*Asks:* 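Quick one: the structure is below, questions incoming.
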Amino acid sequence: MDCDRSVYPHRLMPRQTPLFRFRRRSPFILLTLLILWSFCIGWALSQAAQGQLPPTPPAIGTVDPTPPNYRVGEQLYVEHCGSCHVALPPAVMPTTTWRDLLLDEQHYGTQIEVMMSPQIHIVWDYLQIFSRPTDDGEETPYRLEQSRYFNALHPDVEIDRPVTVQSCTACHPQAPQFDFRTLTDKY
Ligand code: HEC
Ligand code: HEC
């Protein structure tokens, strides 16, 4: 039978070389592909894992981290008691000092406003949790240098006397941001 070339032209075309030839490839290429592939999977998995991790907690600026239910108290405290000088971390004075200072209009020779309710209670809750009590018969300190808690937080630290609310920033440069953990390079 006569073969019609116009109908079956492909039969006469030279055999095409395939784009990829897998036979007799060196195993090196296969290995490289495998390694690349596992890198991709690894990267994808690490991205996915990052998305699922909880956000990193804020840096602890004071002695203890502040749990979410005390953040409002902390904020109100910093706003109210940090307007004339840096807000002092509750841990530096005993609880009774904070109670007296919160209730007293006469403040070291200055007049301050006593907070209104309910703010004062929210701040009081916060200050109570983050400070410690005085011992039986122990006098309530009103100056930092007389507070054994302030002194306990500064073991072997030489601080010029008298210690004042202005002196903190010399060693705690972030004190205005209520961060007493960041120290100057000296330490
Ligand atoms: C109107 C400004 C003002 C406000 C508001 C204020 N203070 Fe003061 N505070 C002062 C002054 C002035 C001093 C005295 C500084 C001195 O004598 O060296 C002082 C001193 C202190 C001291 C004594 C530090 C020391 O050892 O010498 C403490 C503690 C203190 N304040 C805590 C607070 C607290 C807590 C609040 C909020 C209830 C507060 N302050 C709000 C002005 C203020
Ligand atoms: C002469 C430098 C110096 C001065 C001034 C100073 N501090 Fe400190 N403070 C330090 C050093 C150093 C530490 C760390 C001590 C340690 O961990 O052994 C520290 C630790 C603290 C801590 C504990 C921080 C934490 O969470 O570990 C608090 C709170 C603190 N200081 C508050 C204050 C306040 C408030 C003032 C100002 C009235 C003040 N300091 C003034 C040097 C100073």
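No experiment lies behind these values; they were computed from the predicted model shown. Position 1 is the first residue of the sequence; numbering continues from there. Whatever order the structure lists them in is the order used to number ligands and atoms, beginning at 1.
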*Asks:* Flag yes if more than 12 heavy atoms outside Q106 fall under 6.0 Å of its CD atom; otherwise flag no.
*Replies:*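 Yes.
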*Asks:* Return yes when A91 approaches ligand 2 closer than 4.0 angstrom through a heavy atom, no otherwise.
*Replies:* no
*Asks:* Would you mind running through ligand 2 and noting each atom that sits below 4.0 Å from a heavy atom of L144?
*Replies:* 38 (C)
*Asks:* Tell me whether atom 8 (Fe) of ligand 2 has H154 as a neighbour, meaning an N, O or S atom of it below 2.8 Å.
*Replies:*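 Checking H154: at least one N, O or S atom is under 2.8 Å.
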*Asks:* Quick check: does H172 put an N/O/S atom under 2.8 Å from atom 8 (Fe) of ligand 2?
*Replies:*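 A backbone or side-chain N, O or S atom of H172 is under 2.8 Å from atom 8 (Fe) of ligand 2.
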*Asks:* Evaluate D104 against R99 for salt bridge (charged side-chain N to carboxylate O under 4.0 Å, His left out), listing each step before the verdict.
*Replies:* CA-CA 9 Å; D104 200 353; R99 186 201 56 208; over 6 Å; no
*Asks:* Considering all heavy atoms of both residues, which atom of A91 and which atom of Y149 are nearest to each other, and what is their separation?
*Replies:* O-CB, 3.3 Å
*Asks:* Give a yes or no on whether R132 atom CZ has more than 12 heavy-atom contacts from other residues, nucleotides or ligands under 6.0 Å away.
*Replies:* no
*Asks:* In ligand 2, which numbered atoms sit nearer than 4.0 Å to a non-hydrogen atom of S167?
*Replies:*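 Answer, ordered by atom number: 5 (C).
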*Asks:* With respect to T66, which candidate in R71, E74, Q75 satisfies the side chain to side chain donor-acceptor pair (under 3.5 Å) definition?
*Replies:*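 So the option named by the test is E74.
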*Asks:* Is there any N or O on R181 that sits under 3.5 Å from an N or O of ligand 2?
*Replies:* yes
*Asks:* For P67 and F130, which heavy atoms make the closest approach, and how far apart are they?
*Replies:*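 Closest approach of P67 to F130: CD-CZ, 3.6 Å.
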*Asks:* Can you tell which of C171, P89, A152 gets a heavy atom nearest to atom 2 (C) of ligand 2?
*Replies:*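 Looking at heavy atoms only, the winner is C171.
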*Asks:* Any donor and acceptor pair, going by atom type alone, linking the side chain of S167 with main-chain N or O of V163 inside 3.5 Å?
*Replies:*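 The answer is no, because no donor-acceptor pair under 3.5 Å joins these two groups.
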*Asks:* Checking the side chain of Y70 only, and the main-chain atoms of D125 only, is there a donor and an acceptor separated by less than 3.5 Å?
*Replies:* no
*Asks:* Quick one: which ligand 1 atoms are inside 4.0 Å of a heavy atom on S83?
*Replies:*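 Every atom of ligand 1 under 4.0 Å from some heavy atom of S83: 5 (C).
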*Asks:* Can you see which heavy atom on L88 is nearest to which on Y77, and at what distance?
*Replies:* O-OH, 2.6 Å
*Asks:* Can you find a non-hydrogen atom of A170 under 4.0 Å from ligand 2?
*Replies:*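 Contact check A170 vs ligand 2: negative.
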*Asks:* Does S147 reach the main-chain N or O of F150 with its side chain, forming a donor-acceptor pair under 3.5 Å?
*Replies:* yes
*Asks:* Could you tell me, atom by atom, which parts of ligand 2 come under 4.0 Å of a heavy atom of I159?
*Replies:*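 Result: 1 (C), 4 (C), 5 (C), 6 (C).
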*Asks:* Taking side-chain hydrogen bond (donor to acceptor under 3.5 Å, both in side chains) as the test, write out the residues that go with T110, two or more places apart.
*Replies:*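 Checked T110 against side-chain hydrogen bond (donor to acceptor under 3.5 Å, both in side chains); zero matches.
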*Asks:* Distances under 2.8 Å only: what protein N/O/S atoms are near atom 8 (Fe) of ligand 1, ordered by chain and residue?
*Replies:* H85 NE2, H107 NE2
*Asks:* Does ligand 2 have a heavy atom under 4.0 Å from the side chain of F180, from its backbone, from both, or from neither?
*Replies:* both
*Asks:* Check if V86 has a non-hydrogen atom at a distance under 4.0 Å from any atom of ligand 2.
*Replies:* no
*Asks:* Within a reach of under 6.0 Å around CD of Q111, are more than 12 heavy atoms found that belong to other residues, nucleotides or ligands?
*Replies:* yes
*Asks:* With heavy-atom distances below 4.0 Å as the criterion, list the atoms of ligand 2 near T164.
*Replies:*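 Result: 38 (C).
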*Asks:* How close does the nearest protein non-hydrogen atom get to atom 16 (C) of ligand 1, and which residue and atom is it?
*Replies:* R143 NH1, 3.6 Å
*Asks:* Measure the distances from the heavy atoms of E158 to every atom of ligand 2 and state whether one is below 4.0 angstrom.
*Replies:* yes
*Asks:* Can a donor-acceptor pair be found between the side chains of T97 and T140 at a distance below 3.5 Å?
*Replies:* no
*Asks:* Do the side chain of W98 and the main chain of M93 share a donor and acceptor less than 3.5 angstrom apart?
*Replies:*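 Looks like yes, one N/O pair under 3.5 Å.
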*Asks:* Identify, by atom number and element, the atoms of ligand 1 in contact range of H80, meaning under 4.0 Å from any of its heavy atoms.
*Replies:*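 Those atoms are 5 (C), 37 (C), 38 (C).
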*Asks:* Near D135 CG, under 6.0 Å, is it more than 12 heavy atoms from other residues, nucleotides or ligands?
*Replies:* yes
*Asks:* At a 4.0 Å threshold, what atoms of ligand 1 neighbour a non-hydrogen atom of L88?
*Replies:*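 Within the 4.0 Å cut-off of L88, ligand 1 contributes 28 (C), 29 (C).
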*Asks:* Kindly identify the option in Y142, W98, F150 whose heavy atom sits closest to atom 35 (C) of ligand 1.
*Replies:* W98
